[in-house]
Amino acid sequence: RDEGACDPAWGKAASRRDRATNRVLHESHRSVAPMLHWYLWFLGVKPQAQGQGVGAKILERILELQGSEFPCYLETSEVK
C-alpha cells in the first residue's frame, strides 16, 4: 500500500460522520428558519478589513440582489 494513501476504512468513517453532522445541521437550520428563505452560509472578510463595514456592505448588496420576497438567513459565530 502507498504510504501516502488514506485507509479506506478511515474514509468510510469520515463519510458517515459527515452525513450525520449534515443531518444535525439541517434539522437545526429547519428549527430556526422553517419558512422559505435565502440561506447565506457564510460571509468572510479579510482580517485587515474587518471592523470597517466591508461585511455590512457585502451583506447589504446581497440583500438588494435577492429582493424582499423571502427573508435571508445568515449563520454567525459571533454576536455583535
Side-chain angles (χ1 to χ4, degrees):
R1 189 173 110 193
D2 180 5
E3 288 299 316
C6 180
D7 182 342
W10 181 89
K12 288 179 184 178
S15 181
R16 280 192 306 273
R17 284 190 303 272
D18 185 55
R19 284 192 306 273
T21 300
N22 284 336
R23 276 194 303 275
V24 169
L25 291 173
H26 177 72
E27 289 304 316
S28 174
H29 179 93
R30 280 186 12 171
S31 71
V32 173
M35 75 296 280
L36 194 55
H37 63 278
W38 290 96
Y39 178 52
L40 181 57
W41 186 35
F42 64 88
L43 186 147
V45 176
K46 290 183 177 183
Q48 63 269 26
Q50 292 175 358
Q52 300 173 32
V54 174
K57 286 180 183 174
I58 294 170
L59 185 55
E60 183 179 294
R61 182 65 178 137
I62 289 168
L63 293 174
E64 287 173 10
L65 292 171
Q66 68 94 21
S68 60
E69 188 175 350
F70 305 112
C72 186
Y73 175 77
L74 169 66
E75 291 186 16
T76 181
S77 59
E78 294 184 27
V79 177
K80 294 192 177 199

*Asks:* Return the set of residues passing salt bridge (Lys or Arg N to Asp or Glu O under 4.0 Å) with Arg61 (not counting sequence neighbours), or none when no residue passes.
*Replies:*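 Scan of Arg61 (salt bridge (Lys or Arg N to Asp or Glu O under 4.0 Å), adjacent residues dropped) gives Glu64.
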*Asks:* Please, which pairs that meet side-chain hydrogen bond (donor to acceptor under 3.5 Å, both in side chains) have at least one residue in residues 42-52, sequence neighbours excluded?
*Replies:* none
*Asks:* Kindly write out the residues that satisfy side-chain hydrogen bond (donor to acceptor under 3.5 Å, both in side chains) with Tyr73, not counting sequence neighbours, or none if the list is empty.
*Replies:*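 Checked Tyr73 against side-chain hydrogen bond (donor to acceptor under 3.5 Å, both in side chains); zero matches.
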*Asks:* Scan for side-chain hydrogen bond (donor to acceptor under 3.5 Å, both in side chains) pairs involving residues 24-34, sequence neighbours excluded, and state none if there are none.
*Replies:*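 Pairs touching residues 24-34 that pass the test: His29-His37.
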*Asks:* What residues form a side-chain hydrogen bond (donor to acceptor under 3.5 Å, both in side chains) with Thr21, not counting sequence neighbours?
*Replies:*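 Expected list: none.
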*Asks:* My understanding is that only residues two or more places apart in sequence, or in another chain, count here; which of them pass side-chain hydrogen bond (donor to acceptor under 3.5 Å, both in side chains) with Gln66?
*Replies:* Trp38
*Asks:* Taking side-chain hydrogen bond (donor to acceptor under 3.5 Å, both in side chains) as the definition, give me every residue that meets it alongside Arg19, ordered by chain and number, with sequence neighbours left out.
*Replies:*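 Testing Arg19 for side-chain hydrogen bond (donor to acceptor under 3.5 Å, both in side chains), a comparison that skips the adjacent residues, returns Ser15.
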*Asks:* Taking the hydrophobic residues Ile, Leu, Val, Met, Phe, Trp and Tyr, and joining any pair whose side-chain heavy atoms are under 4.5 Å apart, which ones share a cluster with Ile58?
*Replies:*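 Reading the cluster by chain and number, Ile58 sits alongside Leu40, Leu43, Val45, Val54, Leu59, Ile62, Leu63, Leu74.
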*Asks:* Please identify each residue that fulfils side chain to side chain contact (heavy atoms under 4.5 Å, CB included) with Ala13, with sequence neighbours left out.
*Replies:* Arg16, Arg17
